[in-house]
Amino acid sequence: MERTEINSLGEFGLIDHLTRNNETRQASTILSVGDDAAVIDTFGKQTVVSTDLLIEGIHFDLMYTPLKHLGYKSVVVNLSDIYAMNAVPTQITISIAFSNRFSVEALDEFYEGVYAACEKYNVDLIGGDTSSSQKGFIISVTALGEVVPDKFVTRKGAQKGDLICVTGFLGGAFLGLTLLEREKKIYLENPGVQPDLENESYIVGRLLKPEAQKEAIQFLQDNDIMPTSMMDVSDGLSSEIIHICRQSQCGAVIYEDKLPIHEDSRMFAYKLELDPTMCALNGGEDYELVFTIKQEDYEKMVLNENISVIGYITEDIEKTKIITKGGNTYDLKAQGWNHSK
Ligand code: ADP
Ligand code: MG
């Protein structure tokens, strides 16, 4: 494989190279890459901003993360935060720092993923910053989005009687991570053995190529449903429900048998002798949305097969419970998710 040293392009040359095919999709993008700052028109909407930092060795492992997937995921996790505000993402900026281990070809792969996410989610890349680092790859993405004035949804509006909903499936990304970490260990001990991930493409995909919940937000808008609270599931469902309850001054009850767990996740959990419910409650990085709605919106919500109603909000401040299939009640624990493995 060809290797072009970044020094051969220089910083400006590199930025030009990385942004040479950059497109503008949003009418609100007045001025994009190439000046001291970008310019955005808000057309009377409110602007939502979110930013994330991703560090090699802490948030991702390049031993099993293809750079293209990493570029895609770096964008998607930020867009997920924008959707979690009930907003629609419009622009991103992306800043990178890398050591001389990285070539122009490596950064090209990373940007291929970035541009694929921009296209899929209809956002514009409008700027960033480029620097060298002594060691490893560092990525910071900032996402902007727009929302009709005062229609943004925070974590603190849940009220007694509201229904708790979650999009998609939970626990898959954690199981994908567990599998890749296991294969990495085997490989390091015995480099001759090639990992076989063919049969587990679902869980591996959940970790390496997550999606943001664009359709769910569209569904809420189309059906005139205004969630009372919402956040994305990045640290694990338990931890997110505890956040919502703390900020909304309420409690919650969820049902084990309502938790959406994909069949492939369930099978793989059994293989490792893990409890699929614990994976769904405590596994991170699923990038689904958890939100609460008024009971009167229930009829509309069940029309969406991708959304599960898993429980309800109580007035018992900060008491968060799960009722198991056997009928026992336990406290939800914020075991969360330890990004450093
Ligand atoms: P400054 O010296 O003001 O920081 P730069 O030379 O770093 O400007 O950036 C020039 C232009 O390129 C700016 O529009 C900036 O937002 C954009 N840019 C810089 N790095 C990146 C990157 N990694 N990806 C996308 N755009 C970038
Ligand atoms: Mg700069």
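In each ligand, atom 1 is the first atom listed, and ligand 1 is the first ligand listed. Computed from heavy atoms alone, side chains included, the values below leave out hydrogens, waters and symmetry copies.
- K209 forms a cation-pi arrangement with Y72, by the criterion of a distance under 6.0 Å to the ring centre and an angle within 45° of the ring axis.
- Residue-ligand proximity, D129 to ligand 1, at heavy-atom distances under 4.0 Å covers atoms 4 (O), 7 (O), 19 (C), 20 (N), 21 (C), 23 (N).
- For the pair L125 and ligand 1, the shortest N or O to N or O distance does not fall below 3.5 Å.
- Listed by number with element, the atoms of ligand 1 under 4.0 Å from a non-hydrogen atom of I94 are 22 (C), 23 (N), 24 (N).
- Ligand 1 places these atoms under 4.0 Å from at least one heavy atom of T19: 25 (C), 26 (N).
- No option in T142, D124, T29, T47 other than T29 meets the side chain to side chain donor-acceptor pair (under 3.5 Å) test with Q91.
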Show me the side-chain donor-acceptor pairs of residues 243-263 shorter than 3.5 Å, one per line, residues at least two apart or across chains.
from, atom 1, to, atom 2, distance (Å)
S248, OG, R155, O, 2.9
S248, OG, G157, N, 3.4
S248, OG, A158, N, 3.1
S248, OG, I244, O, 3.0
Q249, NE2, R246, O, 3.2
E256, OE1, K325, N, 2.8
E256, OE2, T277, OG1, 2.6
H262, ND1, D264, N, 3.0

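- Looking at V33 against ligand 1, both its backbone and its side chain come within 4.0 Å, counting heavy atoms.
- Heavy atoms of I15 approach ligand 1 to within less than 4.0 angstrom.
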Quiz prompt | Chi angles and distances behind the side-chain hydrogen bond (donor to acceptor under 3.5 Å, both in side chains) call for D41, S28 | solution = CA-CA 5 Å; D41 197 330; S28 55; over 6 Å; no

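- When non-hydrogen atoms are compared, ligand 1 lies under 4.0 Å from the backbone of D35 (N, CA, C, O) but not from its side chain.
- The ligand atoms of ligand 1 that sit less than 4.0 angstrom from a heavy atom of F12 are 6 (O).
- With distances taken over non-hydrogen atoms, the option nearest atom 27 (C) of ligand 1 out of A37, G128, S131 is G128.
- Here E189 does not pair with K184 in a salt bridge; the nearest charged N to carboxylate O distance is not below 4.0 Å.
- In Y111, the part holding a heavy atom less than 4.0 Å from any atom of ligand 1 is the side chain.
- Between E109 and K68 there is no salt bridge, since none of the side-chain N atoms of the basic residue sits less than 4.0 Å from a carboxylate O of the acidic one.
- Heavy-atom proximity to atom 26 (N) of ligand 1, evaluated over S140, A38, S32, G127, is greatest for G127.
- Shown are D316, T314, D331, T329; of these, the side chain to side chain donor-acceptor pair (under 3.5 Å) with K321 is made only by D331.
- Residue contact check: E11 has heavy atoms under 4.0 Å from atoms 7 (O) of ligand 1.
- Between R101 and E56, at least one side-chain N (NZ, or NE/NH1/NH2) sits under 4.0 Å from a carboxylate O, which counts as a salt bridge.
- A salt bridge links E285 with K73: the closest approach of a Lys/Arg side-chain nitrogen to an acidic carboxylate oxygen falls below 4.0 angstrom.
- With a 4.0 Å cut-off on non-hydrogen atoms, I96 touches ligand 1 through its side chain and not its backbone.
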